[in-house]
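We use all heavy atoms of the structure for the numbers below, so side chains are in, but hydrogens, waters and symmetry mates are not.
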Amino acid sequence: MPEQKQQPFTNFIVRAIIGSAMIFFVNEFLSAQGITVQVGLNPWTVLTSGILGTPGVALLYGISFYGIM
């Protein structure tokens with residue numbers, strides 16, 4: 001039973017780490033292409049990517065792109 005209770009927490013940590021890495025590398029890629037849209041790495045973005053995963057990262061970039069329109 002204790003292993004089943006750790007699974008959601010472990011999934012959250014894995015998604016948060018992968019999401020933070022995705023944000024970092026997408027920011028680097030966009031700046032190399034001359035696009036000034038960036039998502040900051042802060043507790044809110046890590047929390048969003050940890051809860052929502054890859055769609056959460058896409059949501060953060062969508063909000064950022066919408067903000068420059």
Is it possible for you to say whether [X] and [Y] belong to one hydrophobic cluster, with membership spreading through side-chain heavy-atom contacts below 4.5 Å?
X: Met22; Y: Ile13; answer: no
X: Val57; Y: Ile17; answer: no
X: Ile18; Y: Leu47; answer: no
X: Tyr66; Y: Leu30; answer: no
X: Leu52; Y: Ile63; answer: yes

Straight-line distance of [X] [atom1] to [Y] [atom2], nearest 0.5 Å:
X: Gln7; Y: Phe12; atom1: CD; atom2: CZ; answer: 15.5 Å
X: Thr48; Y: Leu59; atom1: OG1; atom2: CG; answer: 7.5 Å
X: Arg15; Y: Thr10; atom1: CZ; atom2: OG1; answer: 10.5 Å

Inset, instruction - With the side chain counted from C-beta on, respond yes when Ile35 and Phe29 share a heavy-atom pair under 4.5 Å apart, and no when they do not. - result: no
Legend entry - Validation row: Trp44, Leu60 side chains within 4.5 angstrom (heavy atoms): no
Legend entry - Minimum-distance pair of heavy atoms, taken over all atoms of Val37 and Asn27: O-OD1, 4.5 Å
Legend entry - Short side-chain to backbone donor-acceptor contact, Ser20 and Val46, under 3.5 Å: no
